[in-house]
Every structure is written in structure tokens, then in C-alpha cells.
Amino acid sequence: MAFINENYFKLKAGYLFPEIGRRVKDFSTANPGKKIIRMGIGDVTQPLVPSVIKAFHEGVEEMASAQSFKGYGPEQGYAFLREAIAENDYKSRGVDISADDIFVSDGSKCDTGNIQEIFGFNNRIAIGDPVYPVYADTTVMSGKTGLCAENGYFEGIIYMPCTAQNNFVPELPKEKADLIFLCFPNNPTGAVATKEQLKKWVDYAIANKSIILYDAAYEAYITDDSIPHSIYEIEGAKKVAIEFRSFSKTAGFTGTRCAFTVVPSELLAYDGEGKAHAVKPLWMRRQTTKFNGVSYPVQKAAAAIYTPEGKKETKAVIEYYLENASIMKKKLSEAGFSVFGGVNAPYVWVQTKNNMKSWDFFDKLLKEAGVVGTPGSGFGPSGEGYFRFSAFADRANVIEAMDKVQKLFK
Ligand SMILES: *Cc1c(COP(=O)(O)O)cnc(C)c1O
């Protein structure tokens, strides 16, 4: 008999986005021809920039001749890409990260989901609420939790509520956490953490021998000079943090697939006797056993982001999305909503009116304005009563959608 992994049955009805898709499909089937503006899924809409496309083509051409053909690449990714990352994402901000500590991958979703494999079963895991659902769902799949309680919390996870009261930056947990997921700029709230706030976390991790799993997928959207782009801008973080970065939102790679994870050589975790071990060799072993790298043309395309032209072009796309966010923020505020995020992040996080539930707000917006957003409750129980609008849309659609929302709530 083949036994199923019953942990999957603990997960709630399904991933958030298929449910949104289902409701939108039902609505459009019932109302053919009615315009729907999608500001729901966190997917980009603008094409890859010209220098990335050029490098991508060159990479493909190289595969066409025996002299330049590439088979399996180096395990951690090509040196030309890892060195460009170390130089431009870290050294340029005064952070010394060795190219040898960078692992190129096909996405941060898989890396943030897979990382727990190299840590023991007995770790207590702390997760923000609300946040990107992957951290909690993969914790459940791995069997580290009990059932989902009435309040939406899985037994065994330490939840850290992020609310308007704490500016959507969680407080240190009262229970001792061994692995801590942090995501800044945050999906879905758009909140960022200051240097002082991150220092508290790094100090906590050092004091408790914990590890911070830092998801910085949106760091390219930080416009405020005082906000750290990397956890490693905090002293001591290399001993206690893994950082996840992705080209998905930075450079429109959601359909191209390239990301990287930094596992510093200094990072330690402990065995049952309390003896310290380096973490990096385990991640190396995990990746070389279960992953065979990102395709050469894609890595070549990713490296082009770091050329002077590539930087200029990707920056312009990010500015376009941030301008969308700024328009959304303004129009939603004018419509009387309490609005958060949207400054150092491509997400605008609004409180619904009159304590309306997130999914009721979703249905109202869809049916009465033809606008699709994301119910805050889908990111965690503390997201109930909130709603996320994504700035990854065409300008004309952003303006039309916001005008419709304004009219609806006048
Ligand atoms: C989009 C996103 C990612 C990126 O995932 P990829 O697999 O690299 O596309 C990672 N973390 C968060 C919080 C995200 O929103």
C-alpha cells in the first residue's frame, strides 16, 4: 500500500490564487464582455528590458555551436553571475559577501520552501502574519505542525502578528524561535524594516542561536536611502541569516526563472549535543543532489541586469511600477481608505471599510467595479479586514481601476 503524506490534508482549501481565479472565472462567465482589471496576483506585466533580451539571445546562440555549447553548469551557478551579484548587490552597499556563498537557483519560492530540509525537525518556526503563504504552507507540508485551529493558526508555528499598531513590523516572539522567516519589503503589506528594527532581530538570533530566513524579493523597490536592502547590512548577520533574492520582481523574471540564495560560510546551526556546524555545506549538498542549475542563457540574461544599460533599464521599469503604486495610494486615500505600503514596495495595503471581511470586499470590487485584488485574509488571519492591490499593472488600467473604486466608495 502507498501511504499519502497526510500533512497536505491539513492545508486550507487551496492556495489563495486558484480561489481568486475561480471567482473571477465564474464572474466573467456570468457577465461576458464585462471588463475586468486584474490587480490581484503578484505577477509583473512589463517585458524583459532590451539588454536582458540581447544577452538572452546571445546565450541561446552560444548553445547552437559546438565551440560555445554549454552542458551542466557549475553547481552554484556561473561565476560571472555570482561575481556580478556580489559586486553590485552587496559590495556596492558596503557588504562583503563572497561570490562563493551565493547559490543561483530557479526561484525564491522553491528556495524558501526547500530551505527547511537542511534544518532539524525539532526547530520552532516563527512566521509573520500576514505574509507570503509559502513559509507556513511548506512548514505544514513538512509535518512540523499540528492541525489548523479555529483562528487560522497551525499548531506548532509561532505566529507574529503584523498590524497597523506595530506598523506591520513584527515584535520579537515571547516563545523561543529557532528559525524566523522575515520578508522585507513585505508581501502583502508593503512594510519595510529600519536598520534599528532589523538589528533587534539579528541580536535576538545571536542571543538564541537562531537563524533568520530573510526574503528580500522586493529590495529593488526600496527608495528610502535609510532602509537596508540586505539583512547583511546589520552587523553580525552573516553568522545568523540566510538571504533570498529573486530577479522575478527586480527584472521581470517571473516567467524566465532566476533567483539566488546567500548562505554565508560563517552561518552556524547546532546538533543534538549543542555542537556547532556550518550550514553552507548542507545547502550545497541539498542543491547538488536535487537541483541541476539554471539554464545558461537565463543566467546570462540575469547577468545583463548588472551592466550599466541593464541597471538603467530595469530601474526605469521599477520606477514605472512605483509610480503606479503612488497613484493607487493617492486615489485610495482620497476615497477614504486607510492605506499602507506602496512607497518602498509594489503593493498597496488597504483597510476595508466598515469592518468588511476581505473576501466580501473582493466580491464587491469584482462585481460592482470589475476590479480584482487580493483578500488580505489569504495571507494570514491578521490580514482579515485588509486588501492588497498590486502595482504590477498597466498605467491606464491602474487609473481606470482606481477611478472605479473611488466611484464605488464615494
Ligand atoms: C514573488 C515573491 C518571491 C519570488 O519568487 P520566485 O520563485 O523567485 O519567482 C519570493 N518571495 C516573495 C515574498 C514574493 O512575493
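Read the numbers this way: they start at 1 and go in the same order the structure lists the ligands and their atoms.
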Practice problem: Name the orientation class of the two ring planes belonging to Tyr159 and Tyr153 (parallel below 30°, tilted from 30 to 60°, perpendicular beyond 60°). | Solution: parallel
Exercise. Please identify which atoms of ligand 1 are closer than 4.0 Å to at least one heavy atom of Cys183.
Key: 13 (C)
Quiz item: Which residue owns the protein heavy atom closest to atom 12 (C) of ligand 1, what's the atom, and how far is it?
Solution: Asp215 OD2, 3.4 Å
Practice problem: Can you sort out which atoms of ligand 1 are near Ala217, meaning under 4.0 Å from one of its heavy atoms? | Solution: 3 (C), 10 (C), 11 (N), 12 (C)
Practice problem: Provide, to 0.1 Å, the distance between atom 2 (C) of ligand 1 and the closest protein heavy atom, together with that atom's residue and name. | Solution: Lys249 NZ, 2.5 Å
Quiz prompt | Which residue and heavy atom of the protein sit nearest atom 15 (O) of ligand 1, plus the separation | solution = Tyr218 OH, 2.6 Å
Exercise. Look at the rings of Tyr78 and Phe80 and say which category their plane angle falls in: under 30° parallel, 30 to 60° tilted, over 60° perpendicular.
Key: parallel
Quiz item: Side chains of Thr194 and Ser226: closer than 4.5 Å at any heavy-atom pair?
Solution: no
Practice problem: May I ask you to decide if the ring planes of Phe392 and Tyr218 are parallel, tilted or perpendicular, using 30° and 60° as cut-offs? | Solution: parallel
Quiz item: How are the rings of Tyr386 and Phe168 set to each other: parallel, tilted or perpendicular (split at 30° and 60°)?
Solution: perpendicular
Practice problem: For the residue pair Tyr135 and Phe181, categorise the inter-ring angle as parallel (less than 30°), tilted (30 to 60°) or perpendicular (more than 60°). | Solution: parallel
Quiz item: Side chains of Glu75 and Gln287: is there a donor and an acceptor less than 3.5 Å apart?
Solution: no
Quiz item: Does even one non-hydrogen atom of Phe253 get within less than 4.0 Å of ligand 1?
Solution: no
Self-check item: Heavy-atom nearest neighbour in the protein, as seen from atom 9 (O) of ligand 1, with distance rounded to 0.1 Å
Solution: Ser248 OG, 2.6 Å
Quiz item: Would you call Gly42 a ligand 1 contact, heavy-atom distance under 4.0 Å?
Solution: no
Quiz item: Going by distance only, is there an N or O of Ser246 that falls short of 3.5 Å from an N or O of ligand 1?
Solution: yes
Quiz item: Step by step, would you call Val44 with Phe253 a side-chain contact (heavy atoms from CB on, under 4.5 Å)?
Solution: CA-CA 8 Å; Val44 297; Phe253 272 55; over 6 Å; no
Self-check item: Closest protein heavy atom to atom 5 (O) of ligand 1, given as residue, atom name and distance to 0.1 Å
Solution: Lys109 N, 3.5 Å
Quiz prompt | Closest protein heavy atom (residue, atom, distance) for atom 7 (O) of ligand 1 | solution = Arg257 NH2, 2.7 Å
Exercise. Give yes if a backbone or side-chain nitrogen or oxygen of Tyr347 is under 3.5 Å from a nitrogen or oxygen of ligand 1, and no if not.
Key: no
